[in-house]
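Below: the structure, in structure tokens.
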Amino acid sequence: MALNAQPATNGHADSLASSSSLSADINPPVTNGVNGQSLTTRVQVVNEDKEFSKDLGDHIERWGLHNAGFGYDVVAVFGSQSTGKSTLLNRLFGTTFDVMDESNRQQTTKGIWMCRAQNMNVMVMDVEGTDGRERGEDQDFERKSALFSLASSEVLLVNLWEHQVGLYQGANMGLLKTVFEVNLGLFGKRRLDEATRQRTLLLFVIRDHVGSTPLANLQKTLTLDLTKIWNGLSKPEGLEDCQLTDYFDLAFTTLSHKVLVPEKFETDVQSLRKRFTDRDDPNFVFKPAYHKRIPADGVAHYMESIWEQVQSNKDLDLPTQQELLAQFRCDELATLALEMFNTQAKSVRKPVEAGQVVEGLGGMMQSWKNESMARFDRDASRYHPGVYARKRADLVAQINSGLGPLFLGQLKNLHKFALSSFKKEVLAGIKGDGYDFGEVVLGATARNEGLFREGATEVLLPDTDWSYEEELQQLSHDISLIADQCRADETKKMVSNIERTIKKQMSESIEHSLNQATPDMWDNVLRTFKETLAKAEATYLGKATSFNCTEEENTTSLAILRKRAWQALRAKVDEQLTDLTFLAKLKSRFEEKFRYDKEGVPRVWKPDDDVDSVFRAARDELIPLFSKIQPKDRSLEFSLPSDSDDSTLTDEGEFDFEATLVVFTEAKQADLSTRFRRDADAYYVEAKRSMVSSIAQIPTWIYGVMVVLGWNEAMAVIRNPIYFLLLLMGLAGFYIVVQLNLSGPLYNVAKSVGNEVHRQASQRIREQFAEPPQPQLTRPMTNGTSDEYEPRRRQTDDSRSSLYPEKEL
């Protein structure tokens with residue numbers, strides 16, 4: 001930023017030598033100052049590019065006002081260009097502002113300048129004139145500079161010609177209206193609420209006054225105009241009833257014509273100067289009510305903050321007529337271009353919303369955009385460049401906004417398509433045997449992510465801030481989830497296959513070991529189990545390599561495999577040790593131990609044999625052996641954590657490994673022992689009887705006595721044809737029954753017949769001695785029905801019998 005700080009100069013030569021000499025007498029030059037610099041050094045506070053100076057604080061210090069506290073004042077000038085504002089300030093305050101060369105009639109002051117008044121603690125601001133041909137219709141700086149000078153100064157000199165009084169634009173009434181309105185919105189309420197009720201003095205300096213119109217009339221006209229524009233302001237909420245006098249004091253003065261009556265002009269200037277220098281003057285302008293109460297060392301920061309508020313206020317950005325026309329026409333052209341774009345884009349909206357991937361959508365979108373923008377540029381580029389550029393940017397934003405849903409919809413559709421394609425490829429690749437799961441997943445991932453990236457790049461327009469990276473990351477995440485699910489399913493299937501193999505390999509060996517029922521039975525079972533499990537784990541690890549499983553996943557899967565293998569072993573044990581099967585094993589084992597000796601020879605019990613000991617040993621041997629899985633060799637023991645969880649692959653409940661070691665609980669052992677004892681006791685009784693039969697034998701002579709004594713009866717039967725025939729029939733029937741093994745069925749039939757005869761006889765006897773039935777009486781009812789009752793109950797229940805009086809019976 002260029003800052004124009006210049007020392008005091010004589011400025012341009014005034015057109016009248018007498019005026020220059022008189023000015024020199026009134027305002028003698030001051031050469032002394034701070035650090036050897038002139039006190040009248042000026043600084044450009046705001047340059048023509050609307051940039052605020054950072055050196056204002058340094059210049060205030062050079063002027064010797066840094067430590068002035070509240071002992072200073074600020075005055076500014078406002079008015080049309082080339083009306084002598086800089087000349088007036090130089091005459092009044094001895095400042096060194098550049099003045100216009102009247103032979104050229106061009107702009108002199110650019111931006112806002114500030115200088116210290118001679119022999120006064122006053123900061124004077126010279127503001128760029130309004131309505132200059134250099135800025136033309138660009139009134140933005142005029143409005144902002146006027147508002148800045150109004151808000152930061154105590155006294156604002158409004159410089160105007162006499163012939164401008166009564167004019168709206170000539171007297172800058174339109175500009176004052178805008179400035180008043182924005183000033184009221186920015187600072188109005190704050191100043192109205194302050195106890196001091198700060199105001200600003202508007203001192204109207206009417207130039208080239210020839211006296212034909214009295215000052216009173218000019219004052220009245222200006223006051224009426226200001227009141228009228230104040231009443232027409234759009235006031236903010238809470239300030240609807242505020243008046244012009246709440247914020248401003250009005251003062252008026254006139255100056256004679258500077259060229260025609262220069263002496264009179266200088267006299268008027270000196271009279272006006274006294275109002276700024278002489279505190280005893282009744283019209284002294286620097287009253288305490290106008291002071292902003294900002295210390296001198298904070299003025300620079302205070303003015304900078306005011307300029308920032310002025311710069312950021314959009315209410316000052318009022319368009320010119322050319323800009324208004326450009327806005328109107330550009331809006332119309334933008335609407336037509338947008339309609340053309342919407343018509344073209346309508347054809348693909350439904351397919352995209354329906355989930356279809358539209359081929360070549362990016363090219364179509366770019367073509368629609370280019371055609372719409374070309375139509376707008378062709379007609380709108382002829383209007384105001386700033387408005388055209390702004391409206392073009394708005395149209396581009398609208399078109400991009402309309403294309404955005406198509407872009408996002410295409411990304412969503414590409415996402416779904418790539419995800420579906422990935423799943424199909426993976427499922428097709430893992431069918432059959434001999435596949436590498438990791439290679440299948442990596443290949444499918446690369447192909448489908450590449451497909452998505454290609455489609456997303458095609459639909460990405462170059463002049464937008466769109467991006468498909470977030471959607472690509474989501475696709476990668478979804479692909480990972482599907483891959484993990486497929487891997488979990490394949491791992492589950494692999495574990496199930498290995499489990500079936502374990503069952504098949506262990507089945508025959510475990511069944512053989514359990515049938516042998518030797519003391520080392522469980523050693524053989526667990527040895528076979530561990531060998532089979534080791535092979536299964538090796539098989540799993542060999543296949544899991546291609547699954548890209550992590551160490552944690554392998555650990556979990558192996559734990560599940562061990563649990564499943566143990567459960568398979570336990571299921572096989574339960575299958576072989578059901579109640580009927582185990583009782584049969586007990587019986588077979590008991591017979592083997594009780595009825596056969598160690599060499600396998602059937603026992604012939606003798607009186608001196610210890611039947612009881614052999615019986616107890618044979619009876620109680622197997623149940624404790626089968627009751628718990630407990631090998632004799634401790635190295636063969638197997639264990640699993642009781643809280644092992646395979647919820648990732650199964651829905652099983654809690655697993656208690658210690659409980660699975662128990663085959664028969666104590667209650668089950670007692671039940672089996674009781675049921676087995678019945679068969680075992682029969683063998684024991686048989687053994688005892690055989691011992692008794694071998695001890696108590698019938699003497700031989702007894703048979704001879706039986707023959708002698710029964711001879712006569714036998715001969716009687718033989719000689720009698722009827723008895724003999726019956727004897728033969730009985731012997732023949734006995735022979736047939738024995739040969740056909742019908743003794744059991746005949747016994748059951750005879751027993752059933754006997755039971756039925758006994759039941760029929762008991763029933764007939766019970767019926768014979770049963771109490772005969774008592775007769776029942778009926779009585780008629782009023783509704784035509786009969787009511788039965790029992791006489792015995794009538795006799796025993798007096799309360800109930802009262803309900804049936806004799807007359808009703």
Side-chain angles (χ1 to χ4, degrees), residues 577-591 594-595 605 611-612 615 618-620 623 664-693 696 698 706 709-710 713-714 716-718 720-779 785-797 800-801:
L577 298 180
T578 59
D579 289 358
L580 294 178
T581 304
F582 185 64
L583 288 174
K585 290 180 184 293
L586 288 178
K587 183 177 180 180
S588 175
R589 184 69 173 176
F590 178 79
E591 288 182 358
F594 186 69
R595 303 183 68 177
W605 297 104
V611 179
D612 295 342
F615 172 75
R619 184 188 65 182
D620 300 333
I623 293 181
F664 298 134
T665 62
E666 294 182 0
K668 190 66 174 177
Q669 293 180 45
D671 178 61
L672 292 173
S673 179
T674 301
R675 295 167 64 182
F676 171 65
R677 188 179 295 116
R678 300 170 186 172
D679 295 332
D681 290 348
Y683 288 107
Y684 177 78
V685 171
E686 180 184 356
K688 286 292 186 180
R689 286 176 179 175
S690 65
M691 292 179 63
V692 172
S693 63
I698 301 174
M706 291 177 64
L709 294 177
E713 288 76 7
V717 172
I718 292 174
N720 190 326
I722 296 176
Y723 289 159
F724 185 73
L725 181 60
L726 292 175
L727 177 62
L728 289 178
M729 291 175 64
L731 292 175
F734 179 75
Y735 176 78
I736 292 172
V737 170
V738 172
Q739 290 296 322
L740 297 179
N741 198 20
L742 296 176
S743 58
L746 288 175
Y747 172 77
N748 292 332
V749 171
K751 185 177 179 180
S752 299
V753 172
N755 291 336
E756 180 63 21
V757 171
H758 179 269
R759 188 184 66 79
Q760 292 290 341
S762 300
Q763 183 177 358
R764 294 303 176 92
I765 294 171
R766 191 178 297 108
E767 291 176 355
Q768 185 64 28
F769 290 96
E771 182 179 356
Q774 299 293 333
Q776 297 179 349
L777 299 179
T778 61
R779 64 181 179 88
T785 62
S786 63
D787 185 15
E788 298 181 355
Y789 70 97
E790 298 177 0
R792 183 175 297 176
R793 182 174 296 178
R794 286 183 55 199
Q795 296 173 2
T796 58
D797 194 354
R800 182 89 180 259
S801 63

By side chain to side chain donor-acceptor pair (under 3.5 Å) - contacts of Glu713 (at least two apart): none

Distance (rounded to the nearest 0.5 Å) between Phe724 CZ and Met729 CE: 13.0 Å

Suppose we screen for salt bridge (Lys or Arg N to Asp or Glu O under 4.0 Å). Which residues come up paired with Arg764, at least two apart in sequence or across chains? none

Please identify each residue that fulfils side chain to side chain contact (heavy atoms under 4.5 Å, CB included) with Val749, with sequence neighbours left out. Val753

Side chain to side chain contact (heavy atoms under 4.5 Å, CB included) partners for Tyr723, two or more places apart: Val717, Asn720

Using the side chain to side chain contact (heavy atoms under 4.5 Å, CB included) criterion, which residues pair with Leu740? Sequence neighbours excluded. Ile736, Leu742

Quick one: side chain to side chain contact (heavy atoms under 4.5 Å, CB included) partners of Thr578, sequence neighbours excluded? Thr581

More than 12 heavy atoms of other residues, nucleotides or ligands under 6.0 Å from CD1 of Ile722: is that the case? no

By side chain to side chain donor-acceptor pair (under 3.5 Å), Ser752 pairs with (sequence neighbours left out) none

Under the salt bridge (Lys or Arg N to Asp or Glu O under 4.0 Å) rule, collect the residues that match up with Glu756, sequence neighbours excluded. Arg759

